[in-house]
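Data block below; observations after.
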2 protein chains.
Amino acid sequence: MLRQLPLGALRAFEAAARTGSFRAAGEELAISASAISHAIRKLEDLIGAGLFEREGRAVRLNAAGETLLRHVASGFEELRHGLEVVSARQMNLLRLHCAPSLAAQWLLPRLPRLIADAPGLTVRLSAGTDYPKFHADEFDADIRYGRPRAEGLAALPLGEETVTPLCAPALAARLRTPADLYDLELIESDNKQVRWTDWFAANGLRAPSPRGSRFDRSFMAIAAAADGLGVALESTRLAERELDAGRLVAPLRECSVDIRYVGHFLVYPPRARSNRALRTFETWLFAQLGLTRG
Amino acid sequence: MLRQLPLGALRAFEAAARTGSFRAAGEELAISASAISHAIRKLEDLIGAGLFEREGRAVRLNAAGETLLRHVASGFEELRHGLEVVSARQMNLLRLHCAPSLAAQWLLPRLPRLIADAPGLTVRLSAGTDYPKFHADEFDADIRYGRPRAEGLAALPLGEETVTPLCAPALAARLRTPADLYDLELIESDNKQVRWTDWFAANGLRAPSPRGSRFDRSFMAIAAAADGLGVALESTRLAERELDAGRLVAPLRECSVDIRYVGHFLVYPPRARSNRALRTFETWLFAQLGLTRG
DNA sequence: ACCTATCGTTGAATCCAATTCATCGAAGGG
DNA sequence: CCCTTCGATGAATTGGATTCAACGATAGGT
């Protein structure tokens with residue numbers, strides 16, 4: 001069934017259709033324009049219909065050609081990607097997707113350490129809120145915020161994080177008790193599981209009506225808080241750098257009830273168990289978090 | 001970028017991986033087993049890793065091979081399918097998807113007439129309740145029950161249908177007024193927009209509590225009614241054959257309010273406008289239904 | 001244990017399909 | 001009007017895919 005697939009001709013067609021020129025296609029494939037012409041003629045004879053409109057010395061795809069191009073392009077892309085995946089596995093490449101704030105605040109600062117700890121490992125990191133589609137084999141693993149709903153995926157909780165009010169040192173003097181928050185600007189983070197309402201409730205207080213800035217990324221809320229814009233309610237893990245550098249402090253940590261919860265998960269398809277790069281990374285990640293795997 | 005895709009080797013790999021045998025792969029591709037061996041060795045050299053485990057005279061895919069096979073299989077399938085689509089267009093083939101009951105009750109009996117009316121046209125008909133995915137180019141058009149939600153599709157209403165109580169002639173004697181239905185078995189059709197409740201309401205009566213048989217396909221409800229199992233509430237278009245043959249009658253047609261509504265739609269992607277087979281079919285379909293297009 | 005059949009491997013030889021070459025016509029740009 | 005660029009075409013060529021032939025390994029039968 002695949003026996004009579006004119007693969008070479010299809011490759012020539014793809015290049016010609018994409019570039020819109022036989023000459024350009026030939027250059028791309030390092031063959032002559034004549035070869036492209038022959039190949040496309042062969043295809044057209046096979047299907048019994050034209051694929052290009054010849055207009056003088058120019059060529060333009062017709063409807064059938066457009067249709068064929070869609071299929072052929074995605075088909076070749078799939079082949080190319082398949083080879084890339086198995087090659088990547090061999091070269092110890094980890095294709096990692098990560099929630100944006102954790103990537104920026106926690107993972108990126110540690111990448112040099114990872115490279116040092118795991119010689120030969122190379123990491124390709126993508127940050128985004130979209131959920132990567134593992135079935136398309138675009139990524140080996142994902143660190144995501146929130147428990148994944150999808151079935152058939154391994155999801156390892158990355159330990160508990162502590163959520164507490166954070167602000168610049170200059171503001172901390174005005175913060176002795178949770179009730180002092182009523183007088184300050186509260187920075188709200190969207191898309192988070194723990195919000196100001198929850199924190200006030202845990203401390204037996206009514207949350208004030210919404211005011212202050214809103215951000216839809218934790219790292220922006222943290223940066224805003226460090227700039228003195230107000231008090232952010234964020235995970236100490238995500239604010240680790242600012243806390244260590246003294247740009248942020250957690251003034252109520254000793255005199256309030258902080259919220260602990262599991263925010264992030266390492267997720268990958270079961271078949272990735274055999275991926276050497278991922279195994280290396282998982283071990284390193286859990287060690288960095290002070291966790292034992294399980 | 002596609003220049004160095006070893007297409008021939010990938011084809012050999014696909015056959016070998018699928019059949020699990022180099023010899024079988026060779027037979028399928030009409031080349032020798034030796035050629036398969038050479039091709040796969042070339043692939044393995046290229047990616048720098050093995051794809052098969054050699055165990056004596058047997059070969060078995062390893063993890064990398066499994067991964068590559070998934071991609072390569074779907075890639076070739078896409079190429080093959082692309083050629084099929086453009087070839088089909090040329091041979092005046094209409095790949096039609098259709099709601100099951102309309103296909104069985106209305107379209108199938110008319111197919112001989114279509115073939116006669118449109119010489120050279122060939123039809124491939126699939127019946128199913130699933131919505132065909134046009135982006136995968138599996139079908140040229142769909143006749144579906146209910147207005148389609150999807151955007152970016154042309155959806156032509158196929159005229160109004162009349163829904164009225166239908167039963168076998170033997171039962172019709174006991175049906176003079178809508179109220180007589182209280183004494184008879186009512187056949188309920190699931191997945192329909194018009195149900196007994198609606199019909200009774202339109203006739204100023206309270207619907208009796210559910211009793212009688214239930215079917216999830218109209219053609220089954222119609223067959224059951226023709227067999228004397230009770231009274232079905234169905235479209236006269238779907239019951240056309242049984243009504244013409246006298247196996248079913250519509251006893252209340254003259255003394256009740258029947259429900260008229262648009263149940264079926266012809267749906268296709270905009271690009272299909274240039275499809276000759278579809279144009280032929282659309283013209284024929286509207287003529288059969290006594291409709292003017294628009 | 002022995003024989004036989006089957007399967008995959010390997011390197012050299014072979015061959016045929018893909019490609020090039022040479023030439024042509026057509027169209028656009030200056 | 002000349003010059004350049006592009007694609008088409010058919011015959012010639014070439015190099016990469018394929019076969020060939022010999023070999024090792026394994027399984028099954030007797």
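Note: hydrogens, waters and symmetry copies are ignored here, and every other heavy atom, side chains too, is used. Order of the sequence lines fixes the chain letters, A, B, ..., with proteins taken first and strands second; residue numbering starts at 1 for each chain.
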- Message: Please tell me whether B:Phe52 and B:Phe22 form a close aromatic pair, meaning their ring centres lie under 6.0 Å apart.
- Response: yes
- Task: Could you name each residue pair satisfying side-chain hydrogen bond (donor to acceptor under 3.5 Å, both in side chains) that touches residues 33-44 of chain B, not counting sequence neighbours?
- Result: B:Glu44-B:Arg54
- Query: Between C:dC7 atom C1' and B:Glu27 atom CD, what is the distance in whole Å?
  - Reply: 12 Å
- Among residues 37-49 of chain A, which contact DNA chain C at a heavy-atom distance under 4.0 Å? A:His38, A:Lys42
- May I ask you to decide whether B:Glu138 forms a salt bridge with B:Arg95, counting only side-chain N to carboxylate O separations under 4.0 Å? no
- Side chain to side chain, A:Leu153 and A:Tyr268, heavy atoms closer than 4.5 Å: no
- Message: Mind checking if B:Ala35 touches a base, just sugar-phosphate, or nothing, with heavy atoms under 4.0 Å?
- Response: base
- Message: Output the rounded distance in Å from CZ (A:Arg11) to C1' (C:dA17).
- Response: 14 Å
- Query: Is A:Trp106 close to A:Leu289 at the side-chain level, that is, under 4.5 Å between some pair of heavy atoms?
  - Reply: yes
- Item | Charged tip of B:Arg144 within 45° of B:Tyr131 ring normal and under 6.0 Å | yes
- Closest to the 5' end of DNA chain C, once A:Gly56 and A:Ala30 are matched to their nearest nucleotides, is A:Ala30
- Check every nucleotide of DNA chain D for an atom under 4.0 Å from a heavy-atom of chain B, then give the first and the last such nucleotide from 5' to 3'. D:dA17 to D:dA27
- Item | Minimum-distance nucleotide to B:Ser34 side chain [options: C:dG11, C:dC21, C:dG8] | C:dG11
- Message: So that I can tick it off, tell me whether B:Glu66 and B:Arg70 are bridged by a salt bridge, with the cut-off set at under 4.0 angstrom between side-chain N and carboxylate O.
- Response: no
- Message: Can you tell me if B:Arg57 touches the phosphate of C:dT6, counting only side-chain N or O atoms and a distance under 4.0 Å to OP1 or OP2?
- Response: no
- Is there side-chain contact between A:Leu79 and A:Leu83, with at least one heavy-atom pair below 4.5 Å? no
